[in-house]
Amino acid sequence: MMELILLSGGILLLPVFAFVASFLFWPGVLLKAYNWFWRCRLGLAVRYSHSGSYRFCYCSRGPPGGAAPSLLLLHGFSATKDMWLPLVKFLPRGQHVVCVDMPGHEGTTRTGAEDYSIQGQVTRIHQFVQSVGLDKRPFHLAGTSMGGNVAGVYAARYPAQLSGVTLICPAGLVYPTETKFIRGLRELEKTPEAESIPLIPSTPQELEDMLKLCCHNPLNLPRQVLRGLLDNRIPNNDFYKEVFMELVGEKSRHSLQENLHLIRTPVLVVWGTEDQVVDVSGAAVLEAALPNCQVALLDNCGHSVVLERPRKAAKLLMDFLSAQEVDCENTKKLS
């Protein structure tokens, strides 16, 4: 009897031991497991689609074809589809939502520089849209930072596919007020061989500095969580640098600005007033240039809106979608 009790206790302790060992020795693995658990809890399923030999990795929830348009979310530089989990938590369960890994990121095929420019990414996202059938009816496209740049240029190139677009702290503009980060890009352009890029950390201190740059409110993450984040990023740093140099290069640096005159889709702009990466003055540029634009500025919030204010961002997004539905219904009645 005692042996059975000891055996049962040992079996129960195994998951605890595995958790403690992962936390101490493999925190990166534990973080990936945590994201898997969170996706399951939110009802998101990881899927793959193909365009020829090119593979896209994405997660989705909810059935397409409901009253509200499908929602496609594009993450920022060096992030993954999982960065949207805090926001998806506050979206209605019935909302069809798709989060895709951007070209070369996480589970999506890694190719070369031609796919990492903004125009290259727009082309690949268009292939993804076709591969999963999102183009069968107008959908809503939302992107943050790099993803916001891609979303805006996508709206300029494929307006008929979209019911609306949301730009969250988008890159790719000429900002009336430049941040220290943007000014630093000019120095980087002069010395492209520079080892240190603020958004590509390789040490714990550089990671903490990056988080302070992107988030106005301190995250206060445990040391092991920071180590896990760094462990998962470092193997991709050469790739991140290749993408980054494409984004700040001449072809992509002002892609959104150069395409503003082609955007006719209803646009929601969401920006943290304390953004240290791309200045909030960019919101005024968008409002002045776009004929059908709504702007929401979030106080005490930095560049990582989805991380710092996910509930508010989700509400703004769903309210905007609802308003578009009402406008569409009114237009049908008038016609």
Side-chain angles (χ1 to χ4, degrees), residues 32 35-36 39 44-65 69-84 96-163 165 170-172 232 235-252 255-256 258-259 262-263 265:
K32 289 182 178 180
N35 284 337
W36 171 83
R39 284 196 303 267
L44 286 161
V46 174
R47 307 178 192 279
Y48 297 91
S49 70
H50 292 82
S51 178
S53 61
Y54 194 90
R55 184 185 78 169
F56 296 97
C57 180
Y58 67 102
C59 58
S60 63
R61 184 182 78 180
S70 296
L71 177 60
L72 174 59
L73 304 175
L74 308 181
H75 65 72
F77 168 75
S78 78
T80 73
K81 59 188 175 299
D82 290 332
M83 72 149 283
W84 293 104
H96 182 225
V97 57
V98 179
C99 312
V100 63
D101 284 326
M102 298 294 279
H105 291 71
E106 192 78 355
T108 292
T109 299
R110 190 167 291 182
T111 51
E114 68 279 1
D115 281 339
Y116 307 146
S117 69
I118 294 302
Q119 294 292 347
Q121 293 195 59
V122 169
T123 298
R124 286 299 186 186
I125 294 302
H126 180 56
Q127 291 174 353
F128 170 73
V129 166
Q130 293 177 310
S131 72
V132 297
L134 273 175
D135 56 341
K136 292 178 180 177
R137 56 175 287 194
F139 65 94
H140 189 93
L141 181 62
T144 183
S145 195
M146 175 191 79
N149 194 349
V150 174
V153 177
Y154 193 102
R157 280 181 58 179
Y158 305 106
Q161 292 187 353
L162 302 180
S163 63
V165 63
N232 289 342
N236 299 300
N237 275 359
D238 287 342
F239 161 70
Y240 293 152
K241 185 168 184 179
E242 184 179 9
V243 175
F244 188 82
M245 298 313 294
E246 277 298 313
L247 296 178
V248 300
E250 201 169 315
K251 287 194 301 182
S252 298
S255 291
L256 180 54
E258 292 161 359
N259 283 275
L262 298 174
I263 299 175
T265 308

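Numbering of residues begins at 1 and proceeds along the displayed sequence.
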**Student:** Distance check, rounded to the nearest 0.5 Å: Ser252 atom OG versus Glu258 atom CD?
**Tutor:**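 One finds 9.0 Å between OG of Ser252 and CD of Glu258.
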
**Student:** Hey, mind stepping through Met146 and Leu247 against side-chain contact (heavy atoms from CB on, under 4.5 Å) and telling me if it holds?
**Tutor:** CA-CA 8 Å; Met146 175 191 79; Leu247 296 178; 3.6 Å; yes

**Student:** Hey, could you give me the CE/CG distance between Met83 and Leu74, rounded to the nearest 0.5 Å?
**Tutor:**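 Here the rounded value is 10.5 Å.
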
**Student:** In Å, rounded to the nearest 0.5 Å, how long is the span from CD1 of Ile125 to CG of Leu141?
**Tutor:**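 These two atoms lie 8.5 Å from each other.
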
**Student:** Stepwise, does the side-chain contact (heavy atoms from CB on, under 4.5 Å) test hold for Cys57 with Val46?
**Tutor:** CA-CA 7 Å; Cys57 180; Val46 174; 3.9 Å; yes

**Student:** With distance as the sole criterion, is a donor-acceptor pair present between the side chains of Arg55 and Thr108 under 3.5 Å?
**Tutor:**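 There is no such pair between these side chains.
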
**Student:** Can you name the closest pair of heavy atoms from Asp115 and Pro103 and give their distance?
**Tutor:**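 Residues Asp115 and Pro103, closest heavy atoms: O-CB, 3.9 Å.
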
**Student:** Nearest 0.5 angstrom please: Ser255 OG to Asn149 CG, how far?
**Tutor:**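 With rounding to 0.5 Å, OG (Ser255) is 5.0 Å from CG (Asn149).
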
**Student:** Which word best sums up how the rings of Phe77 and Tyr240 line up, parallel for under 30°, tilted for 30 to 60°, or perpendicular for over 60°?
**Tutor:**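 Ring orientation of Phe77 relative to Tyr240: perpendicular.
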
**Student:** Which heavy atom of Ala171 sits nearest to which heavy atom of Leu256, and what is that distance?
**Tutor:**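 Here Ala171 and Leu256 meet closest at O-CD2, 3.6 Å.
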
**Student:** Would Val100 and Lys81 count as a side-chain contact (heavy atoms from CB on, under 4.5 Å) here? Give the steps.
**Tutor:** CA-CA 5 Å; Val100 63; Lys81 59 188 175 299; over 6 Å; no

**Student:** Donor-acceptor pair, Thr80 side chain versus Asp82 backbone, under 3.5 Å?
**Tutor:**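 Yes; judged by distance alone, with no hydrogens or angles, the pair exists.
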
**Student:** Report the distance from atom CG of Leu44 to atom SG of Cys59, rounding to the nearest 0.5 Å.
**Tutor:**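 With rounding to 0.5 Å, CG (Leu44) is 4.5 Å from SG (Cys59).
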
**Student:** Do Tyr154 and Gln121 meet the criterion of a side-chain donor-acceptor pair at a distance under 3.5 Å?
**Tutor:**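 No donor-acceptor contact under 3.5 Å links the two side chains.
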
**Student:** Name the residue from Tyr54, Phe56, Tyr158 that meets the ring-ring contact (aromatic ring centres under 6.0 Å, His included) definition with His126.
**Tutor:**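 Among Tyr54, Phe56, Tyr158, the one meeting ring-ring contact (aromatic ring centres under 6.0 Å, His included) with His126 is Tyr158.
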
**Student:** Please answer whether the main-chain N or O of Ser70 pairs with a side-chain N or O of His140 as donor and acceptor at a distance below 3.5 Å.
**Tutor:**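 Here the side-chain-to-backbone pair does not exist.
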
**Student:** Looking at side-chain heavy atoms only, is the closest gap between Arg157 and Val122 below 4.5 Å?
**Tutor:**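 Touching, per the 4.5 Å side-chain cut-off.
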
**Student:** Answer whether the closest heavy-atom distance between the side chains of Leu134 and His96 falls below 4.5 Å.
**Tutor:**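 Yes, their side chains come closer than 4.5 Å.
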
**Student:** Find the distance between CZ (Arg124) and OG (Ser117) and round it off to the nearest 0.5 Å.
**Tutor:**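 Output value for this atom pair is 11.0 Å.
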
**Student:** With distance as the sole test, does Thr123 use its side chain to make a donor-acceptor pair with the main-chain N or O of Gln119 at under 3.5 Å?
**Tutor:**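 Yes: the side chain of Thr123 pairs with the backbone of Gln119.
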
**Student:** Looking only at atom types and distance, does a side-chain atom of Ser51 sit under 3.5 Å from a main-chain N or O of Ser131, one as donor and one as acceptor?
**Tutor:**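 Flag not set: sc Ser51 to bb Ser131 has no pair under 3.5 Å.
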
**Student:** Which heavy atom of Ser163 sits nearest a heavy atom of Pro138, and at what distance?
**Tutor:**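 Ser163 and Pro138 have their closest heavy atoms at N-CB, 3.8 Å.
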
**Student:** Quick one: does any side-chain atom of Asp101 pair with a main-chain N or O of Gly107 as donor and acceptor, under 3.5 Å?
**Tutor:**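 Confirmed, Asp101 side chain pairs with Gly107 backbone.
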
**Student:** With a 4.5 Å cut-off on side-chain heavy atoms, are Val98 and Leu73 touching?
**Tutor:**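 A side-chain contact under 4.5 Å is absent here.
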
**Student:** Please name the residue in the list Glu106, Lys241, Arg110, His105 that meets the side chain to side chain donor-acceptor pair (under 3.5 Å) test with Asn236.
**Tutor:**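 Option passing the side chain to side chain donor-acceptor pair (under 3.5 Å) with Asn236: Arg110.
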
**Student:** State, to 0.1 Å, how close Trp84 and Ala142 come at their nearest heavy-atom pair, and which atoms those are.
**Tutor:**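 Of all heavy-atom pairs spanning Trp84 and Ala142, the closest is CZ2-O, 4.4 Å.
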
**Student:** Show the numbers, then the answer: is there a ring pair (Phe, Tyr, Trp, His ring centres under 6.0 Å) between Phe239 and Tyr116?
**Tutor:** CA-CA 10 Å; Phe239 161 70; Tyr116 307 146; 5.2 Å; yes

**Student:** Ring centres under 6.0 Å, that's the criterion: do Tyr48 and Tyr58 meet it?
**Tutor:**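 Between Tyr48 and Tyr58, the centre distance exceeds or equals 6.0 Å.
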
